[in-house]
S.K.: 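Quick one: structure below, then a few questions.
What you see is a predicted model; the values in this text were computed from it and never measured. Chain naming here is simple, since letters A, B, ... match the order of the sequence lines and numbering starts at 1 in each.
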Amino acid sequence: MLANILQAVQGSLPGPLSLLTFAPLLGMLVILFLPKAKTEAIKTVAACATFIPLAISIYLYWAYDRGSIGMTAGNMMWTEQVSWIKAFNVEYFVGVDGLSVPILLLSTLLFFIAVFSSWNINKGVKGYFALLMLLEVGTNGCFVALDFFLFYVFWEVMLLPMYFLIGIWGGARREYAAIKFFLYTFFGGVLMLIALVAIYMASGSGDAEPTFNLLKLAEMAKDPNSPLLLGGLDLFGWKFLSWTFWFLFIGFAVKVPIVPLHTWLPDAHVEAPTPISVILAGILLKLGGYGMLRVNFQLGGSMMQEETTIIIIGGIGVVSILYGAFVAMAQTDFKKLVAYSSVSHMGFVLLGVAALNKEGMNGAAVQMFTHGLSSALMFLVVGVIYDRAHHRDMNRMGGIGLLMPRYTGWAMIGVFASLGLPGLAGFIGEILVLIGAFNSTASTSMQIYAVLAACGLVITAGYLLWTVQRVFMGPVTDESFKEFPDLTPRETFTQVPFAILCIIIGVLPFLLLNVFDGSLAHLLTLINPAN
Amino acid sequence: MADYFRDLIAIGPELILCGTLLVVLLVDLWRAGRDRASVWWIALIVTFVSCLAMVQIGSLYHQAEAKVDGMALLPEFLALASVYTLVTVCESYYRGRDDWLLGTIVLIGTALAGYRLWDLGVDVFSGLDQETAYWGALIEGDGLAIFLRALGLFTLFFCALFAIFYKPFLKGINRNGVMEWLLCLIGATLGGMFLVQTTNLLFLFLALEMMSLCSYLQAGMLKGDRRSAEAGLKYVLYGSMASAFMLFGFSLLYAFTGELNFPAIREILIGLSADGAIGDAEGLLLWVAILGSLTGFAYKISAVPFHFWTPDVYEGSPTPTTAFLAAGSKAFSFGILIRFVVLLGDVGYGARILELLAWVAALTMTYGNLAALRQSNLKRLFAYSSIAHAGYMLMGIVALFVITKDTTSGQLTAGSLNVDGAKAVLFYLLAYAIMNLGAFGVLIFLANRTGSEEIADIHGMGWKAPMVGGTMIVFLLSLTGVPPTAGFFGKYYLFVAAIQSGYGWLVVVAGLNTVISLVYYFRIAKALFLRGEEEAFVEIQGGKVFSLALLFLALLTIYFGIFAGGATELLQEVGTSLQSR
């Protein structure tokens, strides 16, 4: 009897992924109905609404079926599949595999921390937290969606909250930064939409029902006789397969971001308030890389087998690594430096994917995860000093190491993780990517790329160590710094999880790799059957 | 006799609107002076009695024939009767607040007409009513007509609602103009509702002129306002020229075929081209005929190069009129354009025309969006935005046929009908009506408080009226085409239709245009929320009913952005019914 009731209750509950995605939406609605003056209540609701997804994703990570044959065959776990729009075969189809589970963990953790990092926001509190919740819906939704249309909807849902979060709560040039972010991403989104429609139409040629199901589409793309490879609409005399691939690529690359589509990033990062920079660098950039792996490269596997594609993508990766590092070196604004270092680090993701082998793929995925940790920590570090000094000019800093020892301690973990010091998280991703690139048979240029990327590491070490020197070492240049208190408990609470995770991943990388591995192996067979 | 009733039922909603129009006239007549009261009472009693008689006859007829729903005729006349009763009661209570009264009458009349239309729609969509030609094939009461009439009533409802709150109508010289304005609004809607259900060139012209004349009057209705006068005059001048072109085209079509009905014209043209009777000279003539006819429609939907009236008329007209022009007038015109193109797109030189229309679409959306970038007046901005949206929707019209080009002769031929084009346009019209009405509603709300329609004057208003500001964001998102809003699905369907018909390049142009449009739509969002928040957070009080109406529209926008399936299936049926031509 009781078992029956329990079963009935269980049947009517949403699955863990739906709950994870829509708990923040519920939080948003509650916040909207709370009176504006009750700021504490609003923050508490936000904390609860972001804790639920975090708890679920920790459970998912724990319960994930590591190393099983099913996952290597491309299975999905915790799937939910409901028809959404029958006329167009659009489904509400969610599920996770080894690629999405760790990134979900990162995403939900970041949002949870972001709520606490936003605790001292005092302008338009209600709107701020409501938008933050909406942002989490879009972000998590993207990572669980297995229907292309659903993915696109979640992808676009993120734009609006981000626009307002930068535009209202940002710094001096916030209006410019906000619309620039919106425009760039929306431009990419429109290209993606066009490709999405074309792919959908092409998948339905012949007797087949057109579909948005990403798993089905990926299977179709593998078949050399499928309409996805042969048929479809040419554009300006440009072959269907080619233009859809590059349209999707640009759509995701804007978000990664790659050079030369990166110019929105320094503006957005610098102008956004600290928690939003954390989310932006920590998770929104990963959406670009994730989208490429989940959508772009799976649907365009045969494009990835062409050497030109590899040369272009790997080349873009290397250019991003070097360009980002050099520009970062020229910065005096602490936050801008971290922003450009993101461009540099995300270049490794592209390079790793371009290697088209197991090491490269795993390296790219790990790099996404660890960059999420280290960049989040770095932006929190910048936020702490900005809160106190009200400027970010590194030439006017110095000697903070003596004045704020605890702060410096946590900051060093961020800096060295970002630098790629062995034993910390950043090292794992970068070394795997480099190994992958060296061993790659996809193109002869990959070895050259690997050498160049390794040089990029030296530059990275250069600008980060120089930063440490300018900010934390040396004599105290500004007397007012002496009155700065060390980390408050709240600030410590926001930084510690990232620092600890940086160390754990650095020492025990298999915790991450054994989740990624199976699904990435499957992904690799889709992209490059030769492997 | 039986046919007569059947035909009457078919235009039931329009009859109710006519009744509403009469009521407004009568109320005004009574208000004008005590001495006219007796006239009014007599009129009232006569109408009431005749209504009752009609109801009686109608129900008898239905019992005898049992053809459609037995109650089909009843609601129409009950509606009329109840409106009359309401007027007598209300007028005695609400003297002095008559602006509310007149507006409310229109709202009730519209709602009743909508109820009647619902009945008709159920018959049509459930397949009960197979034969949809009425009045000797003057009128085609098919799914397309039902859908667009419903959209027209929806627009009418909200325009009348906005008029109740529109400040220039509430004070000064225009105080007594509301009645005339409402009459024109109903008249224009009636014209439009007839326009979308006709398949006869002559009737089409009459309906279009009824809609146009009433729109001209509406545009110039703000007495003492030079911009409004300019708007009215400009609209009339351009409109009459476009009508002349259209009439010329129609006369050529008639001369060519000797028929006025679309299906008949189609038959003859197909026959002629099958016989090879359309040579170069005839082809040119036919080309001119269709082009001339299209001019009239292009003017109404403000497609480039017939768009010049739009910014001035939109800016000068009273804002509820602007809302009607953008949402209602445009929907009706696109409706008849669909009918026209579906019937004539693949005969004779149709393919060449469609090719031309594709360029018009690309030009229209690009011009509209680029011009909107530089506007500082909100109504002007929305005028250019409406030009741009006309361009998007033309994409769906173009996609109605797959054009194939013979590689050797360069001859263009239109292939089979792609009903997804019509479906996309219709869904877009629905989305566009909802979001545009909402946006103009917000403009009225803001202008009522700031007294200005400039972007610079609404800074920080989002903080002062968070709910209305929030709804505006939803409308702007929808206009840009960001999910999950109705506008996104509209754009998506248009893209699907265009790609199906092989217009990839047009989709890319439209996509890039969407990005451009983001810039100016979000200038409004910026003004509302990103500026002026340092001013004291004094929330605007009042305007509850108005705010709720706007919230309703915003929720509707989101609803159609998430649950587009129902509307899509309905429109699928509309599209399929078009296939039978």
Side-chain angles (χ1 to χ4, degrees), chain A residues 32 36 83-88 90 123-124 126-127 130 138 149-150 152-160 163-164 166-170 174-176 178-179 182-202 204 210 232-236 238 240 243 247, chain B residues 420 423 462-463 466-467 469-470 473-474 476-477 480-485 488-489 491-505 507-508 510-519 522-523 525-526 529-531 533-534 537 539 561-572:
Chain A
L32 285 181
K36 212 161 46 179
S83 176
W84 177 14
I85 302 165
K86 279 207 183 69
F88 277 88
V90 179
K123 167 166 124 186
K126 184 172 165 177
F149 195 87
L150 186 68
Y152 180 79
V153 169
F154 281 128
W155 179 274
E156 297 278 288
V157 162
M158 282 181 300
L159 297 183
L160 180 81
Y163 170 80
F164 282 116
I166 299 173
I168 297 178
W169 289 274
R174 56 178 187 267
E175 286 180 6
Y176 172 74
I179 195 70
F182 204 157
L183 266 179
Y184 269 69
T185 328
F186 189 63
F187 167 75
V190 165
L191 292 189
M192 201 199 298
L193 176 67
I194 296 171
L196 171 147
V197 173
I199 289 173
Y200 168 78
M201 302 305 316
L233 179 75
D234 293 353
L235 194 66
F236 306 117
W238 195 4
F240 169 78
W243 76 258
F247 269 34
Chain B
D420 275 5
K423 197 169 82 177
W463 294 96
M467 195 163 93
I473 300 301
V474 174
L476 292 176
L477 277 181
T480 319
V482 178
T485 54
F488 163 69
F489 267 104
K491 216 151 271 174
Y492 167 76
Y493 288 151
L494 284 176
F495 284 10
V496 169
I499 286 190
Q500 259 175 353
S501 298
Y503 285 100
W505 65 274
V507 170
V508 174
L512 295 179
N513 264 294
T514 316
V515 180
I516 300 175
S517 74
L518 176 79
V519 177
F522 272 74
R523 274 175 66 206
K526 183 171 88 179
F529 281 102
L530 269 55
R531 296 268 173 87
E533 76 279 3
E534 54 282 321
F537 278 21
E539 270 190 45
I562 298 174
F563 305 103
T568 312
E569 274 156 36
L570 188 80
L571 291 176
Q572 184 71 45

S.K.: Of the listed residues (A:Ser83, A:Gly167, A:Gly127), which shares the most heavy-atom pairs with chain B below a 4.5 Å separation?
M.R.: A:Gly167

S.K.: Of the listed residues (B:Lys491, B:Arg523, B:Lys526), which shares the most heavy-atom pairs with chain A below a 4.5 Å separation?
M.R.: B:Lys526

S.K.: Between A:Ile179 and chain B, which part of the residue has a heavy atom less than 4.5 Å away: side chain, backbone, both or neither?
M.R.: side chain

S.K.: Does any heavy atom of chain B fall under 4.5 Å from the side chain of A:Trp84, the backbone, both, or neither of them?
M.R.: side chain

S.K.: With only heavy atoms counted, which part of A:Leu160 is less than 4.5 Å from chain B, the side chain, the backbone, both or neither?
M.R.: side chain

S.K.: Could you tell me whether A:Phe187 atom CZ has more than 12 heavy atoms of other residues or ligands within 6.0 Å of it?
M.R.: no

S.K.: Tell me, side chain or backbone of B:Ile499 under 4.5 Å from chain A's heavy atoms, or both, or neither?
M.R.: both

S.K.: Could you label the plane-to-plane angle of the A:Tyr200 and A:Phe88 rings as parallel, tilted or perpendicular, counting under 30° as parallel and over 60° as perpendicular?
M.R.: tilted

S.K.: Keeping the roles fixed (side chain from B:Trp463, backbone from B:Gly469), state whether a donor-acceptor pair exists under 3.5 Å.
M.R.: no

S.K.: Looking only at atom types and distance, does a side-chain atom of B:Thr485 sit under 3.5 Å from a main-chain N or O of B:Gly481, one as donor and one as acceptor?
M.R.: no

S.K.: The criterion is side-chain hydrogen bond (donor to acceptor under 3.5 Å, both in side chains); which residues satisfy it with B:Tyr492, sequence neighbours excluded?
M.R.: none

S.K.: Before we go on, tell me: are the rings of B:Phe489 and B:Phe563 under 6.0 Å apart, centre to centre?
M.R.: no

S.K.: Which region of A:Phe182, side chain (C-beta onward) or backbone (N, CA, C, O), has a non-hydrogen atom less than 4.5 Å from a non-hydrogen atom of chain B, or is it both or neither?
M.R.: both

S.K.: At a 4.5 Å cut-off on heavy atoms, which part of B:Glu569 comes close to chain A: side chain, backbone, both, or neither?
M.R.: side chain

S.K.: Using a cut-off of under 4.5 Å on heavy-atom pairs, state which of B:Leu512, B:Thr568, B:Ile473 scores highest against chain A.
M.R.: B:Ile473

S.K.: So which part of A:Leu32 gets closer than 4.5 Å to some heavy atom of chain B, the side chain, the backbone, both or neither?
M.R.: neither

S.K.: Holding to side-chain hydrogen bond (donor to acceptor under 3.5 Å, both in side chains), I want the full list of residues that pass it with A:Tyr152, two or more places apart in sequence or in another chain.
M.R.: A:Glu156

S.K.: Please determine, among A:Val197, A:Leu196, A:Ile85, the option with the most heavy-atom pairs under 4.5 Å with chain B.
M.R.: A:Val197

